[in-house]
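This report refers to the structure that appears directly beneath it.
In this text, all values refer to a predicted model and were calculated from it rather than measured experimentally. Below, read A as the first sequence line, B as the second, and so on, with proteins coming before strands; counting in each chain starts at 1.
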Amino acid sequence: MNLTPQGFWVPKAGSSETDYEDAFAVGPAGVAIADGATESSFARAWAKLLTEGFACNPLSMSPGPVEILERIGPLQQQWHEGIAWDRLPWFAEDKARNGAFAALLTLRFDGTLNEPEDVAAVERNWYALAIGDTCLVQIRADAIYLSFPIDRAAAFDSSPTLLSSNADRNRHVLDGAERLNGTFQPKDVLLLMTDALAKWFLGEAEAGNRPWHILEALTGEEQFSELVDRLRAERRLKNDDTTLLIIRETGVSHNSSVDANATDATVHSDLDTPDSTLLFNESYPDEEAV
Amino acid sequence: MAYSAEISRVNPSCFLFMIDQSKSMDDPFGGGVGKKKADGMADALNRLLQNLVIKCAKGEGINDYYVVGVIGYGAKTGPAFGGPLTGQHLVLISEVANSPTRVEERTKKVDDGAGGVIDQTVKFPVWIEPVAKSGTPMAEAFQLAHKILEGWIAAHPDSYPPIVINITDGEYNVDPTREATLLTSLASTDGNVLLFNCHISGLSSAPIVFPNTDAGLPDEWARKLFALSSPLPDNISASALAEGYPIGPGARGFAFNADLVELIRFLDIGTRPSNLR
């Protein structure tokens with residue numbers, strides 16, 4: 001059974017695409033989705049580094065704290081090197097010294113997303129790690145089979161513990177990390193959502209609705225954008241960057257699927273900086289490497 | 001629900017500071033020697049402005065989530081910013097960020113991560129210098145605040161309500177209750193103007209922050225300023241409580257011999273990591 005991820009994203013209303021601070025990436029064996037915190041600087045770059053790093057170089061199926069920290073260390077270094085510290089004004093330097101923060105959810109499969117037909121298993125094992133409030137919901141037999149790491153709409157607040165680019169801020173972050181092993185069966189659907197969408201989704205489910213029907217029916221970015229606009233206008237969805245990654249069995253129609261065959265992480269092309277050394281410039285619409 | 005409007009560049013909110021520049025601010029602060037109340041006031045305001053600027057800092061720039069004004073009252077009542085902001089009632093937070101009159105370097109003790117503390121040099125921007133002259137026309141300052149915010153709210157009717165922070169030793173000439181009440185009767189569709197008071201006292205009593213009763217306050221000035229202070233909105237109380245502040249029901253935006261810098265942290269402009277302190 002091969003798996004196909006499909007990503008959708010919309011920035012916060014009133015913000016431009018270059019202000020978008022969520023990120024998602026798809027690697028050969030897994031995916032990662034992150035939500036950079038509004039109240040930190042260079043969070044967009046941090047979210048992007050985390051998703052690319054964890055999608056490209058996925059964790060083992062049962063990683064310990066040392067393995068996780070070993071993945072984060074080089075990403076923190078890259079983030080730090082990406083900032084032109086000497087040209088920051090006093091307030092920007094002060095803010096950036098605190099580090100950037102992001103929620104991270106990574107999901108890896110046993111084997112690659114696309115297995116050769118002759119070795120493809122009927123059931124696929126997966127391992128998920130979550131730090132913060134980005135959520136994974138598994139749909140099976142037209143019902144929520146599991147919701148991870150948050151399973152109630154009321155459990156979201158605006159002060160989650162997040163993964164920082166500043167190691168000093170991460171002293172206790174792995175204590176709060178959630179891990180889960182699961183299996184993907186034919187016709188299952190995995191929905192990875194940043195917090196605003198996940199809160200709406202769980203609230204709808206608690207009200208007896210089946211919001212996965214709405215998300216599974218999405219065929220493209222435009223439809224997703226319309227859905228988000230409508231829910232925001234009805235004050236049912238918090239105005240925040242909103243990202244959805246759907247993983248289904250290959251064969252279902254996907255108009256904007258990301259390429260799961262890539263050997264490196266694939267990130268939405270609009271989010272790529274022209275320079276992979278990632279010198280960040282978050283504040284201006286005409287983003288460019290400096 | 002009141003006090004739930006989004007604060008963003010599209011829907012900014014407003015901070016108006018009122019600073020006591022009267023002669024009595026020349027007296028010693030907190031029962032100590034050396035530091036005057038006027039020094040305590042200037043430090044409190046400069047730290048508030050610094051924290052507000054850093055809260056809005058994003059990447060290399062600043063997101064204009066707030067407009068900011070400072071009213072001084074003493075020998076005269078009027079806008080108190082210096083330098084390029086002189087004479088302006090309200091300016092963008094980005095203009096504040098780019099216009100300190102100087103940036104000092106100060107030393108602070110920080111956790112070294114191994115159970116000890118080390119000295120770290122930090123930048124301390126200064127916008128306001130200590131001033132101590134003449135009487136305490138607090139009522140007049142509330143009138144000016146009313147005039148400024150009436151206009152601002154008319155232009156931003158759905159904004160998160162303006163927050164007024166008054167830093168004073170309380171020793172006013174004329175009881176300002178009427179003017180303060182008029183000020184807090186101004187409202188956007190999201191709630192009434194919030195008035196928080198920061199009492200810089202000559203008494204050496206221990207600092208008190210966000211009390212819900214005046215029972216433990218050491219003098220009449222403190223009790224009067226407490227009475228003029230707005231209750232904390234629920235979401236600010238909840239944030240403060242979550243960070244370990246002993247907030248009781250009906251807690252007010254009042255601090256005795258303490259600054260209100262922590263308040264800045266509790267303002268909701270988006271996801272704030274709990275491990276960012």
Exercise. So, for B:W152 and B:H89, is the gap between ring centers shorter than 6.0 Å?
Worked result: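 No, too far apart.
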
For this session: Compute the centroid of each ring, for A:F101 and then for A:W46, and state whether the two points are separated by less than 6.0 Å.
Result: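 A:F101 vs A:W46: aromatic centres not under 6.0 Å.
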
Exercise. Contact part of A:L162 toward chain B, heavy-atom cut-off under 4.5 Å: side chain, backbone, both or neither?
Worked result: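 Both parts, backbone and side chain.
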
For this session: Could you tell me which portion of A:K238 (side chain, backbone, both or neither) has an atom closer than 4.5 angstrom to a non-hydrogen atom of chain B?
Result: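 Looking at A:K238, nothing touches chain B.
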
For this session: Examine whether an atom of B:Y65 lies under 4.5 Å from a heavy atom of chain A, and if so say whether it belongs to the side chain, the backbone or both; otherwise answer neither.
Result: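 Just the side chain, heavy atoms under 4.5 Å.
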
For this session: Using a strict cut-off of less than 4.0 Å between a Lys/Arg side-chain nitrogen and an Asp/Glu carboxylate oxygen, indicate whether A:D19 and B:R9 qualify as a salt bridge.
Result: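 Yes, A:D19 and B:R9 are salt-bridged.
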
Exercise. Should the heavy atoms of other residues, nucleotides or ligands under 6.0 Å from CZ of B:R106 be counted, would the total exceed 12?
Worked result: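 Atom CZ in B:R106 is crowded, with more than 12 foreign heavy atoms closer than 6.0 Å.
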
For this session: Report the option among B:A238, B:P125, B:P100, B:S8 that has the most heavy-atom pairs separated by less than 4.5 Å from atoms of chain A.
Result: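 Most heavy-atom pairs under 4.5 Å with chain A: B:P125.
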
Exercise. Chain A: which of B:I269, B:I54, B:N98 shares the most heavy-atom pairs with it under 4.5 Å?
Worked result: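 Between B:I269, B:I54, B:N98, the count favours B:I54.
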
Exercise. Do A:R232 and A:W200 meet the cation-pi criteria used here (NZ or CZ under 6.0 Å from the six-membered ring centre, within 45° of the axis)?
Worked result: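 Judged by the rule (NZ or CZ under 6.0 Å from the ring centre, within 45° of its axis), A:R232 is not positioned above A:W200.
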
Exercise. Which one, A:G36, A:A96, A:P89, A:P160, leads in non-hydrogen pairs under 4.5 Å with chain B?
Worked result: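 The residue among A:G36, A:A96, A:P89, A:P160 with the greatest pair count is A:P160.
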
